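Predicted model, so just to flag it, every value in this text is computed and none were measured.
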Amino acid sequence: MRKKWCLFAAAAVVAVGGAVAAVQAQDMVPAVAKPAQGKVDTAVFAELPVLESPELSPDGKRFAAQLAVRGTQYFAVATIDGTSKKLIGTGDADLNWWRWVNDEWLVIGVGRTTPVQGDEWYITRAIGVNANTGKIVALNTSDTAQNGGKLLWSAHDGTPRILLAAQTSIYTNDAGFWPRVDEVDVSTGKHKRVLEGREGVMDWYADASGTVRMGIGTSEDGRNRRLLYRPDGRGAFRVVDRAKGIHDSLLVPSLFLPDPGKALVVQDDEQGFSALWEFDLATMKTGKQIFSTPGYDISWPVVDPARSTLLGVEVTENRSTTRWTDPVMAALQKKLSGMVQGAQVEITSFSTDRSVVIAKVGDASAPGAYFIYKAADDSLEPLAMNNSTLKLRRLHPVKTIRYKARDGLEIAAVLTLPRGSGGKKLPLILMPHGGPSARDEENWDWWSQFLADRGYAVIQPNYRGSTGYGTTFLRKAEGQWGLAMQDDLNDAVTALADQGIADPKRVCVVGGSYGGYAAMRAAQRDGALFRCAVSFAGVSDLGRMVAYDSQFLGGGAGKDWMKEQAPDFKAVSPLFHAEEFSTPVLLVHGKKDRRVPFKQSKLMADRLRAAGKPFEFIEQPEGDHHFTRGEDRLSFLQALEAFLAKYNPA
C-alpha cells in the first residue's frame, strides 16, 4: 500500500539553553495608584509584560512563569524570596505551556516550525526542567513524530511521573500515527508503555489517578467524531457518543470526579448559554445544573489539580473573574480583596495547602502587578509589575456599553476614553478583535490604552460571532463574514456619534488577525466611513487561508465551518477587490507568523500597488502573530502613531 502523507514530521528535540537572571519588583504597593500625568512615551506601551502566567510549585516555595528581559521572553523558575532565579531560553521555539510535576521538576511544552520537502511543519515536544539545577531532560523518544507534547496527567504523590501522548509516525496509515500513551519519569526521561495508539484517536484523557479513561476519535477530514470511554484501566473502550458535521458536539466530561462514576460537563442550557452540569458516566446523561451565569456562557471549571475537585468556575461578563464555589477559596478571595484598595484582585495560582497564593492586582486602566500572599504571616508582598515603567498607575478609563445593530441585535462593546477628555466629539478608533471566535472585555489592553493616550476614543465591539454570549449569538455570524459582521462594526460608530462621543468624520479602523481582515474589508467596502485603516497580520484571502489550514489533520471540518461563515470566499476577500479601496491602508505583518501566513499581507500590498491605491507596508523580519518581542511592539506602535497622525490626527 502506498503510504499517505499528512503534515506531521519527525524532528529532534528543540534545543533549550540556560541562563540566570533576577526577577525584580520595584516600588510596588497593594493599591492602584493615581492617574499618570501627561503623554506616556511610546516605548512604555511597547514593554513586554515583566511576568506572564506565574504558577506556584506544590509547596509554594517557587514559581514558574514567562519572564521578559530586555525585550525578550524566557521561561523562568524562581524562588518566591528571590534567592534563586533561572532563565531558560527556548530559541526559535514557542513556549506553549508549563506545569509543575512535584516541588523539584516541571514539564514545559515547546513547538516550532521545521521545513520538510518545501513545507513548514509545526512540531511539538515536552521537556523536563529541574527547578534546583536547571537541568534539561528530553521526554520524547527518538522515534517521536510531529506531535510529542500532549501532557495527560502528572503524579500527586511527589514522584516525577507524567503521562505523555505522542506520535511515532508521519504516515496516516501507520499505527504509530495515532498517539500512544507512555508513563515518563521526568527526572530520567525513561518510558513505560501505558496504552497503544488506536486508529482515529488523536486525543486521550486521564483521570486524577492517572488512568486513561477517554479518547476522542476523528475521521481524517475531521467531519466525523466519536467519544470512547472505559470506567477503569482494565476494561475495553466503547463508543458512547458520536457527532457528525460541524454543529454536532460530543458530550465530553470536563472533570472526572473522585467518584469513578461521576463527572462534570459544560453544556448549553435551554436558553443556549453554556453551564456546568453533573454527569453520570454509567448512563452518559446530564443531571443537576451546578453553575450558570444568566445571559453569558461560562468559560471553564477551575479544578484543584491535587484533588480533582471543583473549586470554582471562570466566567466572563464585562470582565473575566472566578466565582469560587469552594468555601475555603471563596473566603481567601474575600480576604485578599479586602487587602487591596481601588483595584481588582484575581487569584491566579496557589500551593497545594493554599497557604501561599499568587494574586494579580489591577484593573482595565492599569497594567497591574502580581503579588504573593503568605498565610503564615498574613502578608501581601509584590512579586513583579506587569509594566515596569507604569507600575500601578491608572491611565485611561474603560467601560462596557451596549448598542443596537441595524437589525436590532444588541451588541456589547468596550469603550476606552482619553482621561480628562470629557468624552465629546472625539476622534475615534474602531478596533475589532481577532478570532473572530473570541471577545473583548474590560482588561488592560496596550493597543487601546496607547491610542487613548494619543487622544482617541477606542471602541471594541463584540460583534455577532463573538464568544461568551450564547450559541444563538455565535451562530448569527454564519454567512456574515464581511457582511453583517461589518455592519455591526459600522453601527458602533453610528451609536457613538449619536451619543456625541465620537466625531463621525474622524474615524479610523485598526485591527489584528481577523480584526486586520475587518480593517481591510472596511477600507474596501465602507471606505467613505473611515479616514484610514490599519491591519496587523490580517487575512486578505479567505480561500488561501482555508487552504493553509486544510493541510492539517481534520482540515475538512475547518473548511466546512469557513464555508458556512462565508459561502463565497472571493466575494468577501479584500485581495480580489483592491480597485475598490477608497481609504489609505497600513499593513504590518511578521515574517515568522505561524498563524496567519505573511503572504496574506504581502499579496495585498502587491494588489494595492498595482491598483495605484495609497498604502504602507511594514515587514517585521522576526515578528510573529503574538508580538512576543518588544522590538516588534515598538515598531508597530511607532508606525501606527505616524500613520494616524497623517490621516486622522487627534
Side-chain angles (χ1 to χ4, degrees), residues 11-25 48-112 123-142 144 148-149 151 154-164 166 183-191 305 348-349 351-352 356 358 370 372 383-384 388 628-630:
V13 172
V14 179
V16 179
V20 177
V23 182
Q24 297 182 352
L48 294 173
V50 173
L51 205 63
E52 287 193 277
S53 304
E55 290 290 334
L56 280 168
S57 59
D59 62 6
K61 294 181 180 180
R62 291 182 174 88
F63 69 90
Q66 193 156 282
L67 179 70
V69 178
R70 294 185 294 276
T72 300
Q73 291 182 319
Y74 297 87
F75 178 64
V77 181
T79 53
I80 61 173
D81 60 9
T83 57
S84 174
K85 312 168 187 72
K86 294 178 174 62
L87 297 183
I88 298 171
T90 58
D92 287 336
D94 299 326
L95 175 61
N96 293 328
W97 53 265
W98 53 93
R99 184 182 297 180
W100 287 93
V101 179
N102 58 19
D103 295 326
E104 185 180 8
W105 286 93
L106 308 97
V107 181
I108 65 174
V110 296
R112 71 176 180 189
I123 64 169
T124 60
R125 293 291 182 266
I127 298 170
V129 178
N130 186 289
N132 294 324
T133 65
K135 178 184 177 182
I136 302 299
V137 178
L139 301 183
N140 294 107
T141 56
S142 59
T144 301
L151 180 66
S154 58
H156 304 303
D157 59 2
T159 59
R161 296 177 299 127
I162 64 170
L163 292 183
L164 190 67
E183 181 182 291
V184 184
D185 186 321
V186 177
S187 65
T188 65
K190 291 183 178 179
H191 283 235
T348 62
S349 182
S351 61
T352 299
V356 183
I358 294 179
Y370 286 102
I372 287 279
L383 180 63
S388 60
T628 56
R629 297 183 348 124

- Task: Any chance you could lay out the side-chain contact (heavy atoms from CB on, under 4.5 Å) test for Val101 and Leu106, step after step, and finish with the verdict?
- Result: CA-CA 5 Å; Val101 179; Leu106 308 97; 5.8 Å; no
- Between Thr141 and His191, does a side-chain contact (heavy atoms from CB on, under 4.5 Å) hold up when you go through it step by step? CA-CA 8 Å; Thr141 56; His191 283 235; 3.7 Å; yes
- side-chain contact (heavy atoms from CB on, under 4.5 Å) assessment of Gln73 paired with Leu67: CA-CA 5 Å; Gln73 291 182 319; Leu67 179 70; over 6 Å; no
- For the pair Gln66 and Leu95, evaluate side-chain contact (heavy atoms from CB on, under 4.5 Å) and give the outcome as yes or no after the intermediate values. CA-CA 8 Å; Gln66 193 156 282; Leu95 175 61; 3.2 Å; yes
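Using a 4.5 Å heavy-atom threshold, the side chains of Val69 and Leu87 count as touching. Looking only at side-chain heavy atoms (C-beta outward), Phe75 and Ile108 come within less than 4.5 Å of each other. Leu164 has its side chain within reach of Asn140: a pair of non-hydrogen atoms, C-beta onward, lies under 4.5 Å apart. Proximity of Glu55 to Trp100: side-chain heavy atoms (C-beta onward) are separated by under 4.5 Å at one or more points. Side-chain atoms of Leu51 and Leu383, non-hydrogen and from C-beta on, do get closer than 4.5 Å to each other. Looking at heavy atoms from C-beta onward, Leu139 lies in side-chain contact with Ile162 at the 4.5 angstrom threshold. Side-chain contact between Ile88 and Val129 is present, with heavy atoms from C-beta onward closer than 4.5 Å. Using a 4.5 Å cut-off on side-chain heavy atoms (C-beta onward), Trp97 and Val107 make contact.
Side-chain atoms of Lys86 come within 3.5 Å of backbone atoms of Asn132 as a donor-acceptor pair (strictly under, hydrogens ignored). Between the side chain of Thr124 and the main chain of Val110, no donor-acceptor pair closer than 3.5 Å is present. Panel note: side chain Ser57, backbone Arg62; a donor-acceptor pair is recorded below 3.5 Å.
Pairs of residues two or more places apart, or lying in two chains, that qualify as salt bridge (Lys or Arg N to Asp or Glu O under 4.0 Å) and include a residue from residues 94-105 are Asp94-Arg594.
A search for side-chain contact (heavy atoms from CB on, under 4.5 Å) contacts involving Leu56 returns Phe63, Ile80, Ser349, Val356, Ile358, Ile372, not counting sequence neighbours.
Between Thr159 atom OG1 and Asn102 atom CG the span is 7.5 Å, to the nearest 0.5 Å. Note that CG of Asn130 is 9.0 Å distant from CD1 of Ile136, once rounded to the nearest 0.5 Å.
Here the closest heavy-atom approach between residue Ala166 and residue Thr144 is recorded as CB-CG2, 4.1 Å. The minimum heavy-atom distance linking Pro160 with Trp105 is given by the pair CB-CD1, 4.1 Å. Between Pro58 and Ser351, the closest heavy-atom pair is O-CB, 3.4 Å.
Side chain to side chain, Asn96 and Arg125 fail the donor-acceptor criterion of an N or O pair below 3.5 Å.
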